[in-house]
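Please read these numbers as outputs of a predicted model, since none were measured by experiment. Each chain gets a letter, A, B and so on, in the order its sequence line appears, and its residues count up from 1.
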Protein chains: 2
Amino acid sequence: MDQRQALIAFGALSQETRLYIVRMLVVSGPGGMAAGAIAEKAEVSPSNISFHLKELERSGLIAQQRESRSIIYTANYEALGGLVRFLMEDCCSGHPEICAPAAEVAACCAPKGKEKLQ
Amino acid sequence: MDQRQALIAFGALSQETRLYIVRMLVVSGPGGMAAGAIAEKAEVSPSNISFHLKELERSGLIAQQRESRSIIYTANYEALGGLVRFLMEDCCSGHPEICAPAAEVAACCAPKGKEKLQ
DNA sequence: TCCATATTTCAATAATCCTTGAACTGTTGA
DNA sequence: TCAACAGTTCAAGGATTATTGAAATATGGA
């Protein structure tokens, strides 16, 4: 994740509908969701959801794949991780204050720590 | 950090000059930087830097304090940490892929791990 | 008090982004 | 092949955001 990509990603996340989509797709997992289902959940028109999905795909935060008539969108976990990484990249130059809360959240994903899912 | 704040923060970070400012302030530490110095580094006009600094302050990602003639801006590490946390909040619902890289970066801030600064 | 410095505010313009509805493309089943 | 379904694309308009330069505010020193 370089600065150019990060700028696009932050821009993508700075719009209500798009932030909602990303969070929905993160939760929905590798199975993803069809564009229509996303539109319904987000309560926006097909053409509008298409506009935002396209923007999110351009940012690399989500990916698409056709499945029969539907187009399935999934979160790109690697890109999201990269963005978090980018945001924290500088913080270790003497400022653990930023990393601290991140480390805290990350802790719940520790290999052995699966007991506290959700 | 709620969704409303996150939206504003992502919007704040989605502009080149502002992303540059934030990264500069994170590195510059608690001492911060004067508006003029920031403008010079970022190579933009005083009125333009003022516009962006105001936007960043509105987002909560930076704070200001007057010091004699200068106005000193500093990064708000807590807000940045909160944003990282917000971005990762959902990922533990079965998707350690997002947290993994974050945990990796965060690791360098571990209490005992100060040997690997920068 | 007056001037210089440091920065902000304001108004106008330019640029970008979002929404909408109509038309278009691809896919499936009758 | 045709109709229905699932989405996308496009153009127009509205809304928001960014840039610019001129004027205003605040501070400190002569």
Side-chain angles (χ1 to χ4, degrees), chain A residues 3-25 28 31-76, chain B residues 3-25 28 31-76:
Chain A
Q3 162 156 325
R4 188 192 123 271
Q5 265 188 300
L7 275 171
I8 296 176
F10 285 132
L13 293 173
S14 71
Q15 206 277 338
E16 195 167 8
T17 303
R18 287 195 299 255
L19 184 57
Y20 184 72
I21 294 173
V22 168
R23 288 167 78 76
M24 222 176 1
L25 290 181
S28 86
M33 287 176 76
I38 297 172
E40 195 174 2
K41 268 271 187 183
E43 301 184 70
V44 304
S45 73
S47 90
N48 190 249
I49 211 74
S50 191
F51 169 81
H52 288 305
L53 286 169
K54 195 179 170 191
E55 194 67 15
L56 282 170
E57 221 211 341
R58 188 176 74 94
S59 78
L61 294 175
I62 70 172
Q64 69 169 191
Q65 86 215 61
R66 182 176 277 275
E67 196 154 301
S68 177
R69 280 189 220 179
S70 300
I71 293 181
I72 307 293
Y73 286 89
T74 48
N76 181 345
Chain B
Q3 163 159 323
R4 189 192 122 272
Q5 265 188 300
L7 276 170
I8 297 176
F10 285 131
L13 292 173
S14 71
Q15 205 279 337
E16 195 168 8
T17 302
R18 288 196 298 256
L19 184 57
Y20 184 72
I21 293 173
V22 168
R23 287 168 78 78
M24 222 178 359
L25 290 180
S28 86
M33 287 176 78
I38 297 172
E40 196 174 1
K41 268 270 187 185
E43 301 184 70
V44 303
S45 73
S47 91
N48 188 250
I49 210 75
S50 190
F51 170 81
H52 289 305
L53 287 169
K54 195 180 171 190
E55 195 67 15
L56 282 170
E57 221 209 342
R58 186 175 78 93
S59 79
L61 295 176
I62 69 172
Q64 68 168 192
Q65 86 214 62
R66 181 175 279 276
E67 198 154 301
S68 177
R69 280 187 221 179
S70 299
I71 293 182
I72 307 293
Y73 286 89
T74 47
N76 182 345

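Ion pairing of A:Arg58 with A:Glu55 is present here, as a side-chain N (NZ or NE/NH1/NH2) and a carboxylate O approach within less than 4.0 Å.
Heavy-atom neighbours of B:Gln65 CD from other residues, nucleotides or ligands within 6.0 Å: above the threshold of 12. Other residues, nucleotides and ligands contribute over 12 non-hydrogen atoms within 6.0 Å of the CD atom of A:Gln3.
Contact annotation: the side chain of A:Ile49 approaches that of A:Ile38 to within less than 4.5 Å [non-hydrogen atoms, C-beta and beyond]. Residues A:Leu7 and B:Leu19 meet the side-chain proximity criterion, which asks for heavy atoms closer than 4.5 Å. At a threshold of 4.5 Å between non-hydrogen side-chain atoms, the residues B:Tyr20 and B:Lys41 count as touching. A:Met33 has its side chain out of reach of A:Ile72: every pair of non-hydrogen atoms, C-beta onward, lies at least 4.5 Å apart. By the 4.5 Å heavy-atom criterion applied to side chains, B:Thr17 and B:Val44 are counted as neighbours.
Extent of DNA chain C lying under 4.0 Å from chain A heavy atoms, first and last nucleotide in 5' to 3' order, is C:dC18 to C:dT28. Extent of DNA chain D lying under 4.0 Å from chain B heavy atoms, first and last nucleotide in 5' to 3' order, is D:dA18 to D:dG28.
Residue A:Ala39 is out of contact with every strand shown, counting any heavy-atom pair closer than 4.0 Å.
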Evaluate the side chain to side chain contact (heavy atoms under 4.5 Å, CB included) criterion for residues A:Leu53 and A:Phe51: first the C-alpha distance (whole Å), next the side-chain angles of each, then the deciding distance (0.1 Å), finally the verdict. CA-CA 6 Å; A:Leu53 286 169; A:Phe51 169 81; over 6 Å; no
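In this structure, CG in A:Asn76 is found 10.0 Å from CD in A:Glu57, a value given to the nearest 0.5 Å. Note: B:Ile8 CD1 to B:Leu56 CG = 12.0 Å, rounded to the nearest 0.5 Å. With values rounded to the nearest 0.5 angstrom, A:Arg18 atom CZ is found 15.5 Å from A:Arg23 atom CZ. The distance from atom OG of A:Ser50 to atom CD1 of A:Ile71, rounded to the nearest 0.5 Å, is 8.0 Å.
Within residues 41-50 of chain B, the residues that have a heavy atom under 4.0 Å from DNA chain C are, in order of number, B:Pro46, B:Ser47, B:Ser50. Sorted by residue number, the list of members of residues 3-22 of chain B with any non-hydrogen atom under 4.0 Å from DNA chain C is empty. Contacts between residues 60-71 of chain B and DNA chain D, counted as heavy-atom distances below 4.0 Å, involve B:Arg66, B:Ser68, B:Arg69.
Contact detail for B:Leu61 and B:Ala9: the closest heavy-atom pair is CD1-O, 4.0 Å.
The salt bridge (Lys or Arg N to Asp or Glu O under 4.0 Å) check on B:Arg69 picks up nothing, with sequence neighbours excluded.
For the pair A:His52 and B:Ala35, nearest-nucleotide mapping onto DNA chain C gives the more 5' position to B:Ala35.
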